[in-house]
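Note that ligands are numbered from 1 as they come in the structure, with each ligand's atoms numbered from 1 the same way.
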Amino acid sequence: MDIINIKDTSNKLYYIGGIVRDFLLHRPSIDVDITCEGNAIEYCAQFGDVLQINPDFGTIKVLVDGREVDFASTRTERYDKKGHLPQVDKIGVTLKEDVLRRDFTINALAMSVSTGEIVDYTGGQQDLKNGVLRVLHDNSFIDDPTRIIRGLKFAMRFGFELDEHTKNLQDKYLENINYDMSYARVKKELIETFGCSKEMTRGLQWAYEYFINEKIYKLVTPDDVTMPSCNIEKLIHDYPVENQWLVFVGTLKDLSRIPLTKHEQKILDDVPTAALSSDFEIYKAFENINTESILLYGILQNEKIARRYLDVLKHIKIKINGKDLKHIGVPPSPEYSECFDFVLAEKLKNPALSYEDEIALAKQFFKI
Ligand code: CTP
C-alpha cells in the first residue's frame, strides 16, 4: 500500500474504498483516498499545505510530504435524481454510515491510518477471499446504474463473480432500465472497464454474452445486436491502441448517448463501410485513419483485411515525391496525386520496386 506519512493518533482517519481492497489483494492502487470521521476540512488542514477546499462535499486536498492527498469527510448521500451524481446529505456522520453508502462490500473496507486496523462492517474481507461482488442494499442499482458496469469492471479485473442476490437485483433492474442517467459517468466506467483491464478473456466473454450483448447494449441503443465473432482481445493484443475501450464499445450500433470527444467521434466516423477488395482499395481506405478505426473495420467487416493492412500494406511506401516529378519536368498539378496513386498501385503489386523503377513508372504515367 502506498503509505502516506501522516502522524495521527486520533484514529479519525481511514484509508477507504479501492486502496484498502487493492492492499488486501496485494495489488497496486492508483488513488489514495482517506476519509476523516467528522469534518475533514477542519481536521486535515494541519497535515500540510492546503491546495483546495470543497465545502459542499466536505473535501480538502493537502500536500503531504510532497504528495497531493484527498481527504473526505465521512458523509451520507441521497439520490434525488436516480442515475445521476448523488447529493451530499449529511457531513460528519459515523464511519459506518459513510461505508454503507458505497457500491460493493469489497469497496466498503476501511483501514485506520493510526493503527492499520481493518474496519469491515459489511463482510468485505470474506467476499474478497471468495471472489464475490455483493451490493450493500437492494436499491443500489436503481440509485446508481453505473454500478452495473462497475461490477463488470471489477469482475474483469479480479476474476470475481456477482453473488446470486446481487445478480438477481441486477437482472430485475436491467429488465426495466431507467435510461435517464449520467452517460458521462457510464463512459468513465466503460473506459476503465475496457481500457486497462489486463485479465480480460474470461471477463470479456461474460461481458459480451451477458452484459453487453443482451443488456448493456440497451443502455446505449434500443437495437438488438449480434455479438462480433472476431476475437477483439487478440486483435488489441496484436495492435495496441490508445483508445482500446472504443474498439470494444465502438461495436455498439448507436453510441449517441455517450458523450464522445471530437477525436473519439472521428474514430467511429472513419470506419469504412464499403467492402474492400484490392490491396490498393484497402490501402487508400486505411492510410489516413486511426488504427482504432481499422480495428473496428476488422471486427465489424473483415478481420483478414484489417490485419493485411496493418501487417503488410501499411509498411509499403513509395519513395518518389513532388520534387522528383518536378525534376523529370512535370510542373505541379493535381495530376501529381494521380501519378503517386499509379505508382503506389504498382508498388503494392511488387514491393521490391526501386526508386529508379518508380521514376520510370512516373515517366510512363506522364508519357515522358
Ligand atoms: N463508489 C460507489 N459507487 C460508485 C462509485 C464509487 O459507491 N458509483 C465508492 C466505492 O466505495 C469506491 C469509492 O467510491 O471504492 C471510490 O470510487 P472510484 O475511485 O471510482 O473506485 P475505486 O474503487 O477506487 O476503483 P478503481 O480502482 O477503479 O479506481
Side-chain angles (χ1 to χ4, degrees), residues 1-2 14-37 40 57-59 61 68-89 93 95-111 118-125 127-128 133-160 162 166 169-170 173 178 181-200 203 216 219 244-245:
M1 152 121 70
D2 227 351
Y14 293 87
Y15 294 105
I16 191 102
I19 186 168
V20 184
R21 174 199 71 214
D22 292 340
F23 168 67
L24 293 172
L25 287 172
H26 308 290
R27 294 174 68 103
S29 201
I30 308 157
D31 307 320
V32 181
D33 290 318
I34 296 181
T35 195
C36 169
E37 192 167 30
F57 281 85
T59 57
K61 198 190 278 293
E68 290 185 11
V69 180
D70 287 302
F71 294 93
S73 308
T74 41
R75 64 172 189 263
T76 48
E77 294 173 337
R78 39 168 223 278
Y79 287 84
D80 290 343
K81 211 167 167 228
K82 305 284 182 209
H84 292 261
L85 263 184
Q87 304 296 310
V88 174
D89 191 28
V93 299
L95 178 67
K96 186 172 183 180
E97 286 173 293
D98 180 281
V99 152
L100 293 180
R101 73 178 161 84
R102 293 169 185 269
D103 54 358
F104 298 102
T105 59
I106 63 162
N107 291 337
L109 291 159
M111 179 172 157
I118 301 282
V119 183
D120 180 4
Y121 292 114
T122 65
Q125 288 183 101
D127 285 342
L128 267 185
L133 295 163
R134 186 193 311 275
V135 285
L136 303 188
H137 60 86
D138 285 7
N139 274 341
S140 194
F141 296 129
I142 298 168
D143 284 346
D144 185 356
T146 58
R147 287 176 173 165
I148 293 174
I149 308 173
R150 285 175 65 79
L152 175 65
K153 172 173 84 175
F154 296 123
M156 286 171 71
R157 200 187 286 169
F158 305 134
F160 282 14
L162 291 183
T166 298
L169 290 172
Q170 184 179 271
Y173 175 75
N178 166 21
M181 68 180 80
S182 163
Y183 284 90
R185 297 181 74 213
V186 171
K187 179 184 174 184
K188 175 183 170 283
E189 296 300 341
L190 285 171
I191 291 175
E192 288 178 13
T193 305
F194 291 103
C196 42
S197 294
K198 294 234 161 61
E199 296 151 28
M200 288 170 108
I216 296 259
L219 283 178
Q244 177 179 306
W245 76 281

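Looking at K188, R185, R157 and measuring to atom 26 (P) of ligand 1, the nearest heavy atom belongs to R157. For the residues R21, R27, R101, the heavy atom positioned nearest atom 25 (O) of ligand 1 is part of R21. Which of I19, L100, D103 comes nearest to atom 10 (C) of ligand 1 through a heavy atom is settled by distance: it is D103.
Atoms of ligand 1 found under 4.0 Å from any heavy atom of E192 (numbered from 1 in listed order, with element): 28 (O). Shown in contact with G18 at under 4.0 Å from a heavy atom are these atoms of ligand 1, numbered in order with element: 15 (O), 23 (O), 24 (O). Of all atoms in ligand 1, numbered sequentially from 1 with element shown, those under 4.0 Å from a heavy atom of T146 are 8 (N). Below 4.0 Å from some heavy atom of K153 lie the following atoms of ligand 1, by number and element: 28 (O). Residue G17 has at least one heavy-atom neighbour below 4.0 Å for each of these atoms of ligand 1: 15 (O).
Residue R102 has at least one nitrogen or oxygen atom sitting less than 3.5 Å from a nitrogen or oxygen atom of ligand 1, judged on distance alone. Between N107 and ligand 1, at least one N/O pair is under 3.5 Å apart.
Aromatic ring pairs are classed by plane angle as parallel below 30°, tilted from 30° to 60° and perpendicular above 60°; the pair F158 and F160 is tilted.
Using a cutoff of 4.0 Å between basic side-chain nitrogens and carboxylate oxygens, R75 and D98 are not scored as salt-bridged. Between R101 and D89 no salt bridge is recorded (no basic side-chain N to carboxylate O distance below 4.0 Å).
Counting heavy atoms under 4.0 Å from ligand 1, residue E77 does not touch it at all.
Ligand 1 does not have E189 within reach: every non-hydrogen atom of the residue lies 4.0 Å or more from it.
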